[in-house]
Structures are given as structure tokens and as C-alpha cells.
Amino acid sequence: MDTVEKISKKVNALIEKNNDAYKGFKKAAENVDSFHLRDFMMDEATQRQEFAARLSRALRTYNPDFDPDTDGSFTGSMHRAWIDIKAALSMDNDESVLEECIRGEKASVDEYEDFLEDYPSLHSDISGAIRDQLSHIKQVLDRVKTLEDLH
């Protein structure tokens, strides 16, 4: 498999991760008690939709022959940390939801950092999007950790 195809598949995995995060944040917003947390979760859900769309556009430019996943469907070979949020939501506990958000955000950070480690010299819209999004996800992770400490 050539490098363009490998990069395309890795970017597609990030698109899937963002689509899963969108669904996770949206579901979390429906299940938290705090209005502040609900608004925060919905804002992040919207942000992750935008992340997926930006990566999809960049991927289409980088590799026009590759068809990115725009549905966020799960694949058997990929672990999605956001699946675990379902268990936390059944407890109707804001702290449990925040813990699952932390788990999901850590997984996202790892996946983004892995991409940048694998392709440190990639100069494209993809690289810029990934760096920007990683920075945002790290900020959200810090914020969610702070929110968890308050609950």
C-alpha cells in the first residue's frame, strides 16, 4: 500500500473518531443534569462535526480517489472509546459522563499524536487541520478534567 493510501486511511480513522465523538457528546448532553454541562457537550458535539467535515474536505483534496467515511460507522477492527459512554449514561451521573468524556478525549489525543508521529513532515491541509484539532482536543480534555474535579 502506498503512502498516500496509508495516510488516507489514517485520516479516515480520525474522521470516524470525530463522528463518534459527535455522537458521544450529543448523547452525553441528553443525559447530564447540569445545564452548563449540557451546553458544553452540545458545543463540543458541533465542534466535532466541523472537525470531521474539515478533515473530509482536506482528504478529498489530498486524495480525490479516496471516499472518506462521513457516517461515523463503527468498524470491527477499531476500538471506539465513545462506546463506553453508554454504560456511564445509564447511571445518570454527571461525574460518570465526564469520566467517559475524559476517556474519549484521551483516545482522540493519542490517535492524533500517532498520526503526527507517523507523518511529521506532511505539509498539507490535513496536517494543519490535525494540529489545530489536536490543540482544541487537549484544551477540552483539560476543561473536562477540571469540570470533573468540581463534581
Side-chain angles (χ1 to χ4, degrees), residues 6-60 62 68-151:
K6 285 180 186 177
I7 290 171
S8 297
K9 287 185 176 191
K10 282 201 164 217
V11 173
N12 193 64
L14 293 174
I15 292 167
E16 287 179 348
K17 172 69 78 179
N18 279 294
N19 286 325
D20 292 343
Y22 160 75
K23 292 174 185 176
F25 276 119
K26 188 174 177 191
K27 187 70 174 169
E30 295 169 1
N31 289 278
V32 293
D33 296 324
S34 164
F35 291 115
H36 173 71
L37 277 179
R38 185 171 301 134
D39 291 345
F40 171 73
M41 298 293 176
M42 286 306 298
D43 288 345
E44 284 309 307
T46 300
Q47 185 66 56
R48 296 318 156 88
Q49 266 187 320
E50 292 172 9
F51 282 2
R54 181 177 177 194
L55 287 174
S56 292
R57 286 189 305 273
L59 181 53
R60 283 187 188 104
Y62 176 76
D69 176 8
T70 57
D71 295 330
S73 60
F74 292 92
T75 60
S77 65
M78 300 187 81
H79 170 70
R80 293 285 174 240
W82 282 102
I83 294 172
D84 296 337
I85 202 165
K86 291 178 184 176
L89 294 176
S90 67
M91 299 164 64
D92 283 332
N93 181 319
D94 287 358
E95 185 174 358
S96 296
V97 171
L98 289 168
E99 287 171 6
E100 291 307 317
C101 288
I102 290 169
R103 184 188 319 238
E105 293 301 81
K106 284 181 178 178
S108 291
V109 166
D110 290 345
E111 201 164 336
Y112 273 75
E113 287 179 341
D114 287 348
F115 182 93
L116 292 173
E117 286 176 22
D118 291 345
Y119 304 103
S121 60
L122 180 67
H123 296 290
S124 70
D125 293 342
I126 292 171
S127 181
I130 289 172
R131 284 181 185 3
D132 292 347
Q133 292 173 11
L134 175 59
S135 176
H136 178 85
I137 293 167
K138 285 180 175 181
Q139 290 172 359
V140 169
L141 178 58
D142 289 343
R143 183 167 180 204
V144 172
K145 286 178 180 178
T146 300
L147 291 170
E148 183 196 27
D149 290 343
L150 297 173
H151 281 85

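Heavy-atom basis, side chains included; hydrogens, waters and symmetry copies ignored. In what follows, residues are counted from 1 in the order of the sequence shown. Remember, predicted model here, so these are calculated numbers, not experimental data.
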Are Arg54 and Asp132 within salt-bridge range, i.e. N to O under 4.0 Å? yes

Between CD1 on residue Ile137 and CD on residue Glu113, distance to nearest 0.5 Å: 10.0 Å

Which atom names give the shortest non-hydrogen contact between Ala107 and Lys17, and what distance separates them? CB-NZ, 3.6 Å

For Asp114, the salt bridge (Lys or Arg N to Asp or Glu O under 4.0 Å) test, sequence neighbours excluded, returns none

As an exercise, state the distance from CD of Gln139 to CG of Leu134, rounded to the nearest 0.5 Å. 10.0 Å

Yes or no on side-chain contact (heavy atoms from CB on, under 4.5 Å) for Leu98 and Leu37, after CA distance, side-chain angles and deciding distance? CA-CA 9 Å; Leu98 289 168; Leu37 277 179; 3.7 Å; yes

SB check Glu105 Arg48 (cutoff 4.0 Å): yes

By salt bridge (Lys or Arg N to Asp or Glu O under 4.0 Å) - contacts of Glu50 (at least two apart): none

Could you work out, with salt bridge (Lys or Arg N to Asp or Glu O under 4.0 Å) as the rule, every residue matching Glu95, not counting sequence neighbours? none

Sequence neighbours excluded, which residues qualify as ring-ring contact (aromatic ring centres under 6.0 Å, His included) partners of Tyr119? Phe115

How close do Met41 and Cys101 get, heavy atom to heavy atom, and via which atoms? CE-SG, 3.6 Å

Are the side chains of Gln133 and Asn18 in contact, using a 4.5 Å heavy-atom criterion? yes

If the threshold is 4.0 Å, N to carboxylate O, is there a salt bridge linking Glu148 and Lys145? no

For Ser8, which residues count as a side-chain hydrogen bond (donor to acceptor under 3.5 Å, both in side chains) partner, sequence neighbours excluded? Asn63

Within the structure provided, determine whether Val144 and Phe40 are in side-chain contact (heavy-atom separation under 4.5 Å). yes

Would you compute the distance between atom CD of Glu16 and atom CD of Glu111 and round it to the nearest 0.5 angstrom? 8.5 Å

Hey, what do you get for CD (Gln49) to CZ (Phe25), rounding to the nearest 0.5 Å? 12.5 Å

Residue set satisfying salt bridge (Lys or Arg N to Asp or Glu O under 4.0 Å) with Asp142, at least two apart, ordered chain then number -> none

Separation between CG (Leu55) and CD1 (Ile130), nearest 0.5 Å, reads 6.0 Å

Atom NZ of residue position Lys10 - does it have more than 12 heavy atoms of other residues, nucleotides or ligands inside 6.0 Å? yes

In Å and rounded to the nearest 0.5 Å, what is the CG to CG distance from Asp94 to Leu147? 10.0 Å

Check whether any side-chain heavy atom of Arg57 lies under 4.5 Å from a side-chain heavy atom of Asp125, and answer yes or no. no

